[in-house]
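Okay, structure first, notes after.
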Amino acid sequence: MRIATATAVVLALAAGAAPGAVAKEHPATDKERPTLDGYWRMDGYGTVVALRNGNLQEYQTTSVSCLKGDAARGMGAGRYRTEDGDVITVRAAPGGDRASLSFDSSVGHRALRRVQALPDDCTRPAPKGPRAAFDVFWQSFAENYPFFAAKGIDWDAVRDTYRPQVHADTTRKELFSIFSKMVKPLHDAHVAVMDGDRVYAEVRPGTVRPSKELDAKVKKFIERRDLKHATYREDFAGGRITYADLPGGQGYLRISGFAGYAPQGAPFAAHLAELDRALDTVLTKERTRRLKGLLIDLRVNGGGSDVLGIRIAERLTDTPYVAYAKRARNDPADPGKHTRPEPIRVRPADAPRYTGPIAVLTGGSTVSAGETFTQALMDRPGRTVRVGQATQGVFSDVLARNLPGGMAVWLPNEEFLTRTGRTFDGTGIPPHLREPVFTEEEFAKNRDSAFDRAVRVLAAR
């Protein structure tokens, strides 16, 4: 996903609608329905969308710039497909001057307001040179990043330190180094500086970024140690999901990501279908009746689509509830102003559901959609306990910004709120019961303290 996002995306409300509402298609004929053609400014996200000749074009804006972003081809009925295969839906509200935009792989919607024309900066050549790239980079964070105060970062002082180092002869390699130094103190896993194959990104100190190598090592360890007496075990979704029946009557569900369930290039619907196949195989009527507890292991989870996490949560409750609410920063000059929070709801699935006690295993390598799924289970009706270490602390969809000269940057601009209005950005979601997670000592002594603690907790309930 690339239009103003990366691993998940989207938020919006039709003007005057209740929180969480979406502008519904007008029940009139196509001839009477308000046209989508024209220009639309997003509420937040620094984005203008042009809908012309059945296609969609994104423009990434700041107070000093406008650069073209992604394009999407029309599919009819207000639907558009990006080159990456994401499907975007735009629906006009009655009156024709408001609309909502959503992505099939992301929860929530984004509000659109019709404007008469593109901003002036979008109609003239983009500025060039290293200084222009610096200014767009700095301004993109200044207008969209929500967490400077929480992290004790004076972004104005960062500009004053590094802008004098940039001049007409600054090389791309030097500029990449400067940008990397500017964002390093954020320790934000949803911030990345990119120049072709070169990528700079950080994680929270004391944590390890999820990787294929770490995932393979951990999976082998768990299969050898924790699941050696399992009475049934099966992999799904290209190995991203594992389920096992444990000897004590408990179930074990390991999810290493919320992406990659179907072959590369497959539409999101294929990933969703593969998840449903896994859930239908595992959560049968017979198994949901006899399970005495369920361990959900997210300790190495690289994130992906929040939609897939909500889909799983819908198989874990008989009662509707709010998973979390999303809001985005929407005032370039005031980081304290946001879009109206949109509740993201969990509705019981029309399929067998497990509603008994759950233990969620988390750690510092639980990232992004792995964290939003963890948050979605916090207010789940029933008994849910978290065991392990705090999650990484990044929840927002990723805002993708192009820079003059060909470089790019990713940054977050959203917050995921609990029912009390709290966010866990930066710190991560803490466990109820703290245990070491995949430390060198744990591996060396063949221990999995978090897994063992979770088994004991569920056995006692």
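Here, residue 1 is the first one in the sequence, and each next residue gets the next number.
Considering only heavy atoms from C-beta on, Glu414 stays 4.5 Å or farther from Phe395 through its side chain. In this structure the side chain of Met407 reaches within 4.5 angstrom of the side chain of Phe179, judged on heavy atoms. When side chains are defined from C-beta on, Phe438 does not count as touching Lys217, because their heavy atoms never get closer than 4.5 Å. When side chains are defined from C-beta on, Ile255 does not count as touching Phe236, because their heavy atoms never get closer than 4.5 Å. In this structure, Lys173 and Phe176 have side chains that are not in contact, with every pair of non-hydrogen atoms separated by 4.5 Å or more. In this structure the side chain of Trp40 never reaches within 4.5 angstrom of the side chain of Leu56, judged on heavy atoms. His271 is not listed as a side-chain neighbour of Glu274, based on a closest heavy-atom distance of 4.5 Å or more. Counting only heavy atoms from C-beta outward, the side chains of Phe134 and Thr170 never approach each other to under 4.5 Å.
Minimum heavy-atom separation, Lys68 to Asn402: O-ND2, 3.0 Å. The minimum heavy-atom distance between Ser102 and Gly108, with the atom names listed, is CB-O, 3.7 Å. Of all the heavy atoms in Ala201 and Ala192, the pair that sits closest is CB-CB, 4.3 Å. Here the closest heavy-atom approach between residue Arg254 and residue Val300 is recorded as NH2-CB, 4.1 Å. Nearest heavy atom pair, residue Ser63 against residue Gln139, reads OG-NE2, 3.2 Å. Between Gln389 and Glu435, the shortest heavy-atom contact is NE2-O, 2.7 Å.
For the atom pair CG of Asp425 and CG of Asp188, the computed distance is 8.0 Å after rounding to the nearest 0.5 Å. Atoms CG and CZ, from Leu214 and Arg209 in turn, are 12.0 Å apart once rounded to the nearest 0.5 Å. Atom CZ of Arg73 sits about 13.5 Å away from atom CD1 of Ile88, to the nearest 0.5 Å. Rounded to the nearest 0.5 Å, atoms OH (Tyr243) and CG (Leu279) are 11.5 Å apart. How far CG of Asp297 is from CG of Leu253: 9.0 Å, rounded to the nearest 0.5 Å. Rounded to the nearest 0.5 angstrom, Asp84 CG and Gln264 CD are separated by 9.5 Å.
Residue Arg131 qualifies as enclosed at atom CZ: its count of foreign heavy atoms under 6.0 Å is above 12. Arg198 CZ: more than 12 foreign heavy atoms inside a 6.0 Å radius. Enclosure of atom CG in Asn53 is not indicated, since only 12 or fewer non-hydrogen atoms of other residues, nucleotides or ligands lie within 6.0 angstrom.
For the pair Asp121 and Arg124, the salt-bridge criterion is met [side-chain N within less than 4.0 Å of a carboxylate O]. A salt bridge between Asp156 and Arg159 is present, with a side-chain N of the basic residue lying under 4.0 Å from a carboxylate O of the acidic one. The residues Arg401 and Glu58 are annotated as salt-bridged, a charged nitrogen and a carboxylate oxygen being separated by less than 4.0 angstrom. Arg327 has a carboxylate O that lies under 4.0 Å from a charged side-chain N of Glu415, or vice versa, which qualifies the two as a salt bridge.
Remark: Gln375 pairs with no residue by the side-chain hydrogen bond (donor to acceptor under 3.5 Å, both in side chains) rule, at least two apart or across chains. With sequence neighbours left out, the side-chain contact (heavy atoms from CB on, under 4.5 Å) criterion links Arg240 to Ala237, Ser256, Tyr261. Looking at residues two or more places apart in sequence or on another chain, you find no ring-ring contact (aromatic ring centres under 6.0 Å, His included) involving Tyr80.
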Worksheet item: What do the steps show when you test Phe268 against Leu308 for side-chain contact (heavy atoms from CB on, under 4.5 Å), and what is the final call?
Response: CA-CA 10 Å; Phe268 179 72; Leu308 299 178; 3.8 Å; yes

Fill in: Residues Glu202, Lys181; criterion salt bridge (Lys or Arg N to Asp or Glu O under 4.0 Å); working and verdict
CA-CA 11 Å; Glu202 280 281 339; Lys181 291 175 183 177; over 6 Å; no

Practice prompt. Verify salt bridge (Lys or Arg N to Asp or Glu O under 4.0 Å) between Arg98 and Asp43, making sure each step is shown before the conclusion.
Written response: CA-CA 11 Å; Arg98 301 280 177 167; Asp43 186 10; over 6 Å; no

Practice prompt. Show your reasoning for whether side-chain contact (heavy atoms from CB on, under 4.5 Å) applies to Phe451 and Ile222.
Written response: CA-CA 9 Å; Phe451 176 90; Ile222 288 171; 5.7 Å; no

Fill in: Check against side-chain contact (heavy atoms from CB on, under 4.5 Å), Val346 and Asp379
CA-CA 10 Å; Val346 176; Asp379 287 330; over 6 Å; no

Worksheet item: Going through the checks in order, is the side-chain contact (heavy atoms from CB on, under 4.5 Å) test met by Ile312 and Phe258?
Response: CA-CA 11 Å; Ile312 299 172; Phe258 291 99; 3.7 Å; yes

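Ring centroids of Phe221 and Phe443 are separated by less than 6.0 Å, placing the two rings close together.
Between Glu143 and Thr62, the side chains place no donor N or O within less than 3.5 Å of an acceptor N or O (distance only, hydrogens not considered). Side-chain contact check for Thr61 and Arg41: at least one donor-acceptor pair (N or O, by modelled atom type) lies under 3.5 Å. A donor-acceptor pair shorter than 3.5 Å cannot be found between the side chains of Thr366 and Asn301. In the model, Thr372 has a side-chain atom that pairs as donor or acceptor with a side-chain atom of Asp306 under 3.5 Å.
Formation of a donor-acceptor pair under 3.5 Å by the Ser396 side chain with backbone atoms of Asn413 is found in this model. In terms of modelled atom types and a separation under 3.5 Å, the side chain of Thr362 and the main chain of Gly388 share no donor-acceptor contact. A donor-acceptor pair under 3.5 Å links the side-chain atoms of Glu371 to the main chain of Gln392, judged by distance alone. For the pair Arg380 (side chain) and Leu316 (backbone), a donor-acceptor distance under 3.5 Å is present. Arg329 contributes a side-chain N or O that, together with a main-chain N or O of Pro332, makes up a donor-acceptor pair within less than 3.5 Å. Side-chain N or O atoms of Arg386 include one that pairs as donor or acceptor with a backbone N or O of Pro430 at under 3.5 Å. Asn55 places a side-chain N or O within 3.5 Å of a backbone atom of Gly74 that can act as its donor or acceptor partner.
The aromatic rings of Phe416 and Tyr324 are tilted relative to each other, their planes meeting at an angle between 30° and 60°. Relative ring orientation between Phe147 and Tyr145 is described as perpendicular, the plane-to-plane angle rising above 60° on a 0-90° scale split at 30° and 60°.
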